[in-house]
Amino acid sequence: MSSVIFFLLVYFFTFFPHANALPRGIHQWAQSDRLAVAARYTEGAPLLEPATYCMKTIDGRVGVEFSGGQYLLAQFMKLGVSQEYLPFIYRFFTFSLLFISLLVLANLMLKEEGWMHVILAFITIISTPVLFYYGYNFLPDAWALSLILLSLYFFHKGINKHIFIILILSGLAALTKTSAGIFFIALYGVFFLQNISKPSVRSIIASLFFVAIAGCIAYYDYTYVHLVNTELWSGVFMSRIVPITSWSEFTEVLDTSLRFKNEYASKVQRWLVIVLAITSFFALRKSSLKSEKIQFFILSALGLVSFILLFGPQFMHHDYYVLATIMPIAIYCTLLAFRFTLRYVHPVTSLFLLLLTSIVSFSNANSKYFARMSEEVNINGYTEYYPVKWLKNSHLILADFVPKDELVIVPYAPEHNHSLLYLHRRGFTFNTEEMGRKEGNPFDFYLTTQQPKYIVLRTEYKEQFAQDQPDFLSKSAILFSNADFILYTYGH
């Protein structure tokens, strides 16, 4: 009952104001791309032919990690739910999955300490700012994290007994988000090490099952992600390795990534982790290398190092990369540390400290969430801008002027799908650099080849647009204008 109360508390006091909001705030770009995939599924896109509203490829098709979750949500919407509520359904599903997976894992590992300890530890962990924000959002990283947490639930209950469900859950996580493959491999690696000296029919079947799942993931990622993006020249989703090539680049990645330190965990949470780590060290110092948990930590650490070397630069600009890479092992270690430490602290004292920590953590995460949903987001003293107010109710205005099936162009928009989702239209977006090109201008190319008739220009770019595209204005007419945007029609 207490967990239900907390769920409702979080939902109505934190998430309700943006319950059905389209992507906004930090990383609204990546969020929009994933929501656009779900939106296209509701419009009839096949499961293995995901697409977005960005029409720079044939029918907007893209190569992207397995989107089965978005596809299932779309099928639910087709049961009669208005597409207007897709953001709410998507967000609610994401948070519910994360909430349940973390809660069942915390309950399993701390149930001997009592339900109050479980709930307070759970609140402290889920109130990590980056987890709180992306937990009610559109990125698949939160889904992958949830699946890994469920895998760890069965791992903690016994890897030999539950190896098949562990492989299914962690394999699905890796299929949903490639970076989660770290734990798919690490969990199987523990099973392999535990059974290598005493092989059995079950262990052989499990190994073949692992190979089969790994083969399916590799096949999908190569065929439906890499090849599709290569053949269609799609740049919506990344499908290539971006390795660290030098020590100086590594230190740059580390220094730049640390600007998110207050988003990964608050100061109170960081101190808590340090204290727990110190006390846990004494509990684990005599543990054997044959221990399942020690083997899991070592294999996960090796996997994390390998992933950082292959994709390190992504951590500089994408704080959500920690969700399916660092966060699973951090959460599991924290829960283990709670379990070890609480044995040596008086129950009343530990409850008081946990209560204080959970209140401070939740308060911080709550304020961080609203700050991250704003147009100006401050990250470690630096302000990042995510304009969205100019798009408010823009689809209602376009409904009076632009037929539903007509393509639109949005100049000076860096995101592929963000403005198009708000406009409820498919089309093309071009950033400031692209609009200013003197040669090979993509705006001119798509205007000529695809012949869209409507252009939605943010009003503040009116003068710059006149300088970049003087020929366009001589062949166009204004259908609508206000302080936010201007709607042009172009005569081909």
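Quick caveat: nothing in here was measured; it's all calculated off a predicted structure.
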Measure the shortest side-chain to side-chain distance between [X] and [Y] over non-hydrogen atoms and say whether it is less than 4.5 angstrom.
X    : Y    : answer
V268 : N364 : no
V236 : N417 : yes
S361 : I123 : no
L304 : I182 : yes
F122 : L110 : no
S101 : Y153 : no
V388 : K392 : no
K290 : L193 : no

Would you call K78-E43 a salt bridge at under 4.0 Å N-O?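 No.
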Return the minimal non-hydrogen interatomic distance between [X] and [Y], and the atom names on each side.
X    : Y    : value
L423 : S394 : CD2-OG, 3.3 Å
K177 : A324 : CG-CB, 4.2 Å
S151 : L169 : OG-CB, 3.2 Å
A180 : I148 : O-CD1, 4.1 Å
P140 : T176 : CB-CG2, 3.8 Å
I166 : L187 : CG2-CD1, 3.8 Å

Would [X] and [Y] count as a close aromatic pair, with their ring centres under 6.0 Å?
X    : Y    : value
F155 : H162 : no
W143 : F93  : yes
Y412 : F430 : no
F210 : F184 : yes
F132 : F362 : yes
F183 : Y188 : no
H418 : W29  : no

Nearest-0.5 Å distance that lies between atom [atom1] in [X] and atom [atom2] in [Y]:
X    : Y    : atom1 : atom2 : answer
L35  : L139 : CG    : CG    : 10.5 Å
L457 : L487 : CG    : CG    : 10.0 Å
L356 : L351 : CG    : CG    : 12.5 Å
L149 : L103 : CG    : CG    : 11.5 Å
R24  : K389 : CZ    : NZ    : 7.5 Å
D221 : L175 : CG    : CG    : 7.0 Å

Which residues satisfy the salt bridge (charged side-chain N to carboxylate O under 4.0 Å, His left out) test with [X], sequence neighbours excluded?
X    : result
E376 : none
E375 : none
E112 : none

Start with the C-alpha gap between M109 and L105, add the side-chain angles, then the distance that decides, and say whether side-chain contact (heavy atoms from CB on, under 4.5 Å) holds. CA-CA 6 Å; M109 298 178 68; L105 180 61; 3.7 Å; yes
Say whether, by atom type as modelled, one donor and one acceptor occur between the side chain of [X] and the main chain of [Y] under 3.5 angstrom.
X    : Y    : answer
Q295 : G189 : no
T52  : C54  : yes
N431 : E434 : yes
N20  : E84  : yes
H117 : E113 : yes
S350 : P347 : yes
N482 : D484 : yes
Y136 : T14  : no
S266 : Q269 : yes
Q70  : Y90  : no

Quick one, Y264 with I326, criterion side-chain contact (heavy atoms from CB on, under 4.5 Å). Give me CA distance, side-chain angles, the key distance, then yes/no. CA-CA 10 Å; Y264 297 145; I326 297 174; over 6 Å; no
Do K293's NZ or CZ and the ring of Y332 fall within the cation-pi criteria of under 6.0 Å and 45°?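 Not flagged: K293 not positioned over aromatic ring of Y332.
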Are R372 and Y133 in a cation-pi setup, meaning NZ or CZ lies under 6.0 angstrom from the ring centre and within 45 degrees of the ring axis? yes
Going by atom types only, do R270 and N262 share a side-chain donor-acceptor pair under 3.5 Å?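 Yes.
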So, T42 versus Q83: side-chain donor-acceptor pair below 3.5 Å or not? yes
When you look at F15 and Y369, which way does the ring-ring contact (aromatic ring centres under 6.0 Å, His included) test go after all the steps? CA-CA 9 Å; F15 299 145; Y369 176 81; 5.1 Å; yes
Parallel, tilted or perpendicular for Y320 and H27, by the 30°/60° rule? perpendicular
How about CZ on F164, more than 12 heavy atoms from neighbouring residues, nucleotides or ligands closer than 6.0 Å, or not? yes
Where do F307 and Y321 land on the side-chain contact (heavy atoms from CB on, under 4.5 Å) test, with the steps shown first? CA-CA 11 Å; F307 184 83; Y321 262 58; 4.1 Å; yes
For L354, run the side-chain contact (heavy atoms from CB on, under 4.5 Å) check against T349, V345, L120 and tell me which one passes. L120
Show, in sequence, the C-alpha distance, side-chain angles and deciding distance for L336 and F297, and conclude whether the side-chain contact (heavy atoms from CB on, under 4.5 Å) test is met. CA-CA 12 Å; L336 278 177; F297 296 151; 3.5 Å; yes
